[in-house]
Every structure is written in C-alpha cells, then in structure tokens.
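Step one of this worksheet: look at the structure below.
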Amino acid sequence: MSLTLLLATAALSASLGACGGGGTTVTVTFDDAGDLQRRGSVQVADVRVGTIAKIALTKDFKAHVTMKLDSERRIPRNSVAVLRTTSLLGEKFVELRPEGDPAQAPYLRDGDVIAVAEEAPELEFVAEQAISVLGGVVAGDVATLVETGAVGFGGRRDELRSLVEDLATFSSALAARTTSITRIIDNFDVTTATLADGAPAIGTLLTNLAETTRVLADNRDRTVRALGQLTRLAAVQNDVFDRYRADIERQIKQVDRIVGAVAGQTKEVGLLVDWLARFVTAIPLVIPDDFTQVYMWLVPAEQDPRVGTP
C-alpha cells in the first residue's frame, strides 16, 4: 500500500509540474526510450528543470523526445542528454549534463536540438549508491553489526522461520494480483493526467475556498446571529401560519373560484369595461321621473371627439 501511494504521489507531482505554460522547448533522440513516460522530469545535477512533453517514434524507429524546460533556467547548448533511472525500480528521467563551463553562453533556446544522447546503465547508478553507502563502513562496524545480529537473532529460529513463511505468503499474494496492481497504477496515471489537465481550475477552486473560509472566519459571530434570527423567524412564521391556516386556505379557494368565474365570463367583462369607458364621457343628461343633471365639460375644440371635420 505504501509503494502504491508513493508511486501515485510521484506521478501527481510530475503531472502538476507539467501544467505550467511558457518555457523553452528542445528535442533529443534516443535509440531506446525504455520506460520513459510523458510528464517525466528533466534534471540538471539532480535538480528538476523541466518536463517530458512528448515521446514520438521516428521513421528509423528511434525515440524522439520533446522536453519543456523552465523559462527561468539557462542551460548551455552544448549539453549532453542522458537517459537515467532514479533507482533500480524507479522511473526514467532525462539528465542534461553541460559540457565545459556551464556559466558560458550560448544557452538552449526554443526549438534547439540536443545532438548528443546517451543512456546510462541502470546498474551503474545502483552501484554508485551502494558505494556511497558502504564507503563509510569500516571493518569494526561490520564486526559490531554481525555481533549485534547474533545477539538479536539468537534463540529465535522459530520466529525467523515464521517471519520468512509470512513474507513468502505475502509475496505470493502480490504475485497473484499483479494484474490488479498494474491496473491500479494505470488508473493512478490516468487520474494524475486528468488532474494535470485541470490544474488551473483546481488552483482557482482552492483559492476561492481559502477566500471563502477567511470570510466565514471573519464574520463568524455575525453568521451565528443571523442563523439564530432566521431560526426564530421560522418558528414565528410556523406559529402564525398554523394559527390562520384554515382562514388562508378558505380565502385562497374563494379567490380561485372568483378568478375561475371571471375567466369564464371574459366576453361579458370586456363589454362591462367598454361600457364604463363610454359612460365616463357620455353621462346621461336626463333620467325620466328622476332628476335632470346639467353640467359643462370644457375641452379644447381639437380634442373634442364630437366635433367633426368640416
């Protein structure tokens, strides 16, 4: 589980590193790219300076590798590209080794081709690491180590045998699930690629989340008070609504019936409105056996509808 998590973390770091824009694009051709993967690292003196952008097959069946170098890095043009491995079971990467004085120009520019490409034997670097580790060990240290081991393991034959058997069982279980482990690693690779493509959106999301968290923290007391007031308001509304629920339902039904009746008498309502409009400008002057009304309506001649044109 730790190995899988480590591989996933490494792949995620490589993917997110590959999302930056700009940079210097250079190419190199290897006879065999081995296990080199897109989004792998480009290093100088074990310092990451870029990312593998693309790996393509040439017409003569060689690996054409496109690298995207960080724009702020100045790497001499006479550098040699070496295909290396981080460890015995580690990932491939490309190391750029400047020839001569690395502080002198000219430097690699966009579109340059690195002419010299080499592939370092994997065993070579494993041996270098072993030598660096064992270089400081002297004979006395070995003797002390052996003696300590003898004391620690003495009388524990059965425990050691059980441990070896458990390790054998664990190894067999891993071997039986090689396909599943491979599929999991492939899925992690797909996941990291997806995360790499959406790195800008993820960055914006995290920025917005941080800003939202800060605003909520700054207004915590106000938010708590507002929530309390909303709770009390909801309780009061529920109490009032429950008290007058029957009246409200009855009024709604009555309004609904009135609206339905009006909707069914649309023509009559229209006639009534038209009659009222005419009644305003043509009030009867005399009603028999009732009363006589005399009034004066003064309007400009050009606005009087009763005045016709000659």
Side-chain angles (χ1 to χ4, degrees), residues 4 6-87 89-99 102 105-122 125 182-207:
T4 302
L6 180 60
L7 292 175
T9 304
L12 177 60
S13 300
S15 299
L16 294 178
C19 295
T24 303
T25 301
V26 297
T27 58
V28 64
T29 301
F30 294 99
D31 292 336
D32 186 358
D35 296 329
L36 185 65
Q37 299 291 329
R38 187 169 65 88
R39 297 184 303 276
S41 65
V42 179
Q43 300 182 11
V44 174
D46 289 336
V47 177
R48 187 186 184 99
V49 297
T51 305
I52 304 299
K54 182 180 179 182
I55 303 175
L57 186 65
T58 63
K59 294 182 180 180
D60 54 350
F61 301 99
K62 294 185 179 181
H64 185 71
V65 179
T66 302
M67 298 174 289
K68 178 75 71 173
L69 305 180
D70 298 340
S71 57
E72 68 273 10
R73 305 291 186 182
R74 297 198 306 171
I75 301 173
R77 189 180 296 179
N78 64 346
S79 297
V80 176
V82 182
L83 189 61
R84 289 187 51 185
T85 306
T86 56
S87 64
L89 297 177
E91 63 179 2
K92 291 277 190 179
F93 69 96
V94 175
E95 180 185 18
L96 298 181
R97 295 180 180 178
E99 298 291 332
Y107 300 103
L108 288 173
R109 295 183 299 179
D110 198 57
D112 282 348
V113 177
I114 299 178
V116 182
E118 301 176 357
E119 182 176 1
E122 300 179 0
F125 293 96
T182 303
R183 185 169 57 254
I184 291 173
I185 294 175
D186 291 341
N187 291 336
F188 270 123
D189 182 66
V190 174
T191 302
T192 53
T194 303
L195 290 175
D197 294 337
I202 294 175
T204 302
L205 175 63
L206 294 177
T207 301

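The residues of the chain are indexed from 1 along the displayed sequence. Computed from a prediction, not measured in an experiment: that's the story for all the values here.
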Table please: side-chain donor-acceptor pairs of residues 57-64 below 3.5 Å, with sequence neighbours left out.
unit_1 : atom_1 : unit_2 : atom_2 : d
T58    : OG1    : D60    : OD1    : 2.4
T58    : OG1    : K62    : N      : 2.9
T58    : OG1    : K62    : O      : 3.3
H64    : ND1    : T29    : OG1    : 3.2

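Atom CD1 of residue I114 and atom OG1 of residue T27 lie 7.5 Å apart, to the nearest 0.5 angstrom. Rounding to the nearest 0.5 Å places CD of E95 at 7.5 Å from CD of Q43. Summarising the geometry, atom CD1 belonging to I55 is positioned 11.5 Å from atom NZ belonging to K92; distances are rounded to the nearest 0.5 Å. For the atom pair CD of Q37 and CG of D35, the computed distance is 7.0 Å after rounding to the nearest 0.5 Å. With rounding to the nearest 0.5 angstrom, the CG atom of L96 is 5.0 Å from the CD1 atom of I75. To the nearest 0.5 Å, atom CG of residue L108 and atom CG of residue L69 are 6.5 Å apart.
Counting only heavy atoms from C-beta outward, the side chains of T24 and R74 never approach each other to under 4.5 Å. T66 is not listed as a side-chain neighbour of R38, based on a closest heavy-atom distance of 4.5 Å or more. A 4.5 Å side-chain heavy-atom check between V42 and F93 finds every atom pair outside the cut-off. The shortest side-chain heavy-atom distance between K54 and M67 does not fall under the 4.5 Å cut-off.
Within 6.0 Å of CZ on R77 lie more than 12 heavy atoms contributed by other residues, nucleotides or ligands.
Closest approach of G40 and R48 over heavy atoms only: O-NH2, 4.2 Å. Taking each heavy atom of V82 and F30 in turn, the nearest pair found is C-CE2, 4.4 Å. Closest approach of A81 to V28, counting heavy atoms only: CB-CG2, 3.7 Å. Pairing each heavy atom of E119 with each of D32, the nearest pair is OE1-O, 3.7 Å.
The closest side-chain donor-acceptor pair between K68 and T51, if any, does not fall under 3.5 angstrom.
The main-chain N or O of V26 is never found under 3.5 Å from a side-chain atom of D112 such that the two would form a donor-acceptor pair.
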Chi angles and distances behind the side chain to side chain contact (heavy atoms under 4.5 Å, CB included) call for R109, T25 | CA-CA 7 Å; R109 295 183 299 179; T25 301; over 6 Å; no

Where do R97 and E99 land on the salt bridge (charged side-chain N to carboxylate O under 4.0 Å, His left out) test, with the steps shown first?
-> CA-CA 6 Å; R97 295 180 180 178; E99 298 291 332; over 6 Å; no

